[in-house]
Visitor: 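Here it is, the structure in full.
In what follows, chains are A, B, ... by sequence order, proteins preceding strands, each numbered from 1.
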Amino acid sequence: MITLKNISFQYQNSDFHLEFSELAFQSGSKTAVIGPSGFGKTTLLNLISGIYTPQKGSVAVNGKIVNRMSDSERRTFRLTNIGFIFQDFKLLDYLRVVDNILLSFRINKAMTLNKSIRMRAEEIASLLGIEDKLNKYPNKLSQGERQRVAICRALLNDPSIILADEPTGNLDPENKHKIMHILFDYVKDRGSSLITVTHDHELLQGFDHIVDFKELYTYS
Amino acid sequence: MRQSFYLAYKYITFHKIRSIVLIFSIGIIIYLPNGLKKLINESEAQMLARAKATPLIIGAKGSSTDLVINTLYFQQEKTEGISMKTLNDVNASEFGYAIPVLSMFTARGFPIVGTDPDYFDFRNLSLASGRLMSFVGECVVGSAVADKLNIGVGDSLVSSPENFFDLAGVYPLKMNVAGVLDPTDSPDDQAIFVDIKTNWVIMGLGHGHEDLTNNYDPSIVLQRDSSTVKAGAKLYIYNTINGENMDSFHFHGDMNSYPLSSLIFIPKDHKSATIFRGRFESGEFTQQIIVPEYVVNNLLQSIFRIKQIFNTVFVLVGLATMLILALIVTLSIRLRKDEIYTMFTIGSSRLKVFEIISFELIILIGSSSIFAVLLYLLTGFFVEDFIQNFII
């Protein structure tokens, strides 16, 4: 269960102000977050993951208050609980696909990169149909393949929450549906929560809940 | 740490051209002051060693620097010469002995140095092949001359005419290579040694031609009486000296007045040197006598001042480079904002990002240092050329 209460958040040196009283996401549910650009949908994902902390209010995940954790605790929380997927994939161009998938294990002392993790990376790549692309660089892949790599990276640590920021925004219709099926199947199999920011209303029918930001909070 | 190094290494190797340009630029900045210091130090050592090994030089009054450079490095500066009479007078003084040096001409870019066999003993020059010159018209070449011109014993070299348009002037002389010297890492490697008389033949003071005693061709013999024969321009002058025409070579005029560039004087002992120098100061000799070590030392003092200016310039350039490097790192971090954000989202700490970027810098600066060390080691191989081309 993810609960955000009495949230007030403002970026430094910016007029943007996100404020709402309560928002909750059920464990194991698939939620689509919709709304106009600039309303703070991506900020919401960053608040849930603990990248940003609100000036007021609380963000609780499974009873733990994320915004009261120390930096290091929030990092560990993200590593063990969250899988991030971005619209523009955010793959590192200088790393091969396999190294991109394993990135979180290379940048965290808390996580040990061993043979079983490498095998798991290969398994997930195989599940997503990119097992033959592991030694390629991202610039040699199609958009759909890049997003699959990004999903592999997000799923490697078996997250209980998947935060996807317009994951199909750069994909053609065929790939768009394939990627969403992959995510839906994964969430169903593992019992994870999926929170997806999207502008694509075609995809909404696959979600359990829809949060429309326009109706949610006061934007100033 | 290992993982951070891995990511840094991947970043550097992926952006090959950018990294190579940075490595080269930083490497050159690291190398330049050190390389220049090595060049100057080794140049100083080598120049001083040759100067110290040459006790005294006697030459015409004028620039002592030109005289030393001409005598030690055969640079053929336009200095006043001295005559054979000076050599005879100096040798008659019994304070030591003198070795003549006459360096005025070149052959294929290398100086022709007229001297006598004592020079080879004095400089401890040994033969790699062949023998020393025994006849007029023979030469012994330094190792670098032999290498660069790909010549050896039995081959020949033609002296370069001084002026192509002076039809009555110096004719080229074809010289036979009698020997090749062992390398010495000194200007002797770059010289073509001949007997003084060979040099005089090149100057036109001596020559060989067909026998006119029994030649009655009016187009060649213009006038004849009981003691002299006057010949015209049609007379064939030999441009090579061999067994068949050697006897026809002869010199005209008083050989005591024949020119020399300078003399290397080797005194019997320190006392003899002091007394002998006094003779020059008292005016008994009209030439100058100099201690090459003092002259070279003065020359090096000037170089040392230039080195200090260079050092200051390099410190400033180094500082500017460091600032530019800092700017590049800052701009690079801005450009990599997305990448850094991605790392944060998947659990990286600021310290980890700092560690990765630090490793990138360490790899770049480390590689630049290795490049600089390689350049520094290479510098050692070019010291000789550097001295020949830039110092002298």
Visitor: Hey, could you give me the OG/CZ distance between B:Ser348 and A:Arg78, rounded to the nearest 0.5 Å?
Guide: 9.0 Å
Visitor: Could you look at A:Ser49 and say if it's the side chain, the backbone, both or neither that has a heavy atom under 4.5 Å from chain B?
Guide: neither
Visitor: Under a 4.5 Å cut-off applied to non-hydrogen side-chain atoms, are A:Lys90 and B:Asp338 in contact?
Guide: yes
Visitor: Quick check for you: to the nearest 0.5 Å, what is the distance between B:Leu7 atom CG and A:Leu95 atom CG?
Guide: 6.0 Å
Visitor: Please rank A:Ile82, A:Asp99, A:Asp71 by heavy-atom pairs under 4.5 Å with chain B and give me the top one.
Guide: A:Asp99
Visitor: Could you tell me which portion of A:Arg153 (side chain, backbone, both or neither) has an atom closer than 4.5 angstrom to a non-hydrogen atom of chain B?
Guide: side chain
Visitor: For atom CG of B:Leu327, is the number of surrounding heavy atoms from other residues, nucleotides or ligands below 6.0 Å larger than 12?
Guide: yes
Visitor: Using non-hydrogen atoms and a 4.5 Å limit, figure out which bit of B:Lys352 sits close to chain A: side chain, backbone, both or neither.
Guide: side chain
Visitor: Can you tell me how far the CG atom of A:Asn100 sits from the OG1 atom of B:Thr342, to the nearest 0.5 Å?
Guide: 9.5 Å
Visitor: Looking at B:Lys38, I'd like to know if its NZ atom is crowded, meaning that more than 12 non-hydrogen atoms belonging to other residues, nucleotides or ligands lie closer than 6.0 Å.
Guide: yes
Visitor: Take atom NZ in A:Lys136; do more than 12 heavy atoms of anything else shown fall under 6.0 Å from it?
Guide: no
Visitor: How long is the span from the CZ atom in A:Arg96 to the CZ atom in B:Phe14, to the nearest 0.5 Å?
Guide: 10.0 Å
Visitor: Would the number of heavy atoms belonging to other residues, nucleotides or ligands and lying under 6.0 Å from CG of B:Asn150 be above 12?
Guide: no
Visitor: Could you check if a side-chain atom of A:Leu92 sits within less than 4.5 angstrom of a side-chain atom of B:Met343, using non-hydrogen atoms only?
Guide: yes
Visitor: Counting only non-hydrogen atoms closer than 4.5 Å, does B:Arg336 touch chain A with its backbone (N, CA, C, O), its side chain (CB onward), both, or neither?
Guide: side chain
Visitor: Under 6.0 Å from the OH atom of B:Tyr9, do we count more than 12 heavy atoms belonging to anything else shown?
Guide: no
Visitor: State the CZ-CZ distance between A:Phe84 and B:Phe344, to the nearest 0.5 angstrom.
Guide: 13.5 Å
Visitor: Using 30° and 60° as the class boundaries, would you call the ring planes of B:Tyr11 and A:Tyr94 parallel, tilted or perpendicular?
Guide: perpendicular
Visitor: Could you look at B:Ile356 and say if it's the side chain, the backbone, both or neither that has a heavy atom under 4.5 Å from chain A?
Guide: side chain
Visitor: Where on A:Phe86 is there a heavy atom nearer than 4.5 Å to chain B: the side chain, the backbone, both, or neither?
Guide: side chain
Visitor: Taking every heavy-atom pair that is under 4.5 Å apart, which of A:Asn157, A:Leu79, A:Leu103, A:Asp93 has the most such pairs with chain B?
Guide: A:Asp93
Visitor: Can you measure from CG (A:Asn108) to CD (B:Gln3) and round to the nearest 0.5 angstrom?
Guide: 10.5 Å
Visitor: Identify which part of A:Leu113 has an atom lying under 4.5 Å from any heavy atom of chain B, answering side chain, backbone, both or neither.
Guide: side chain
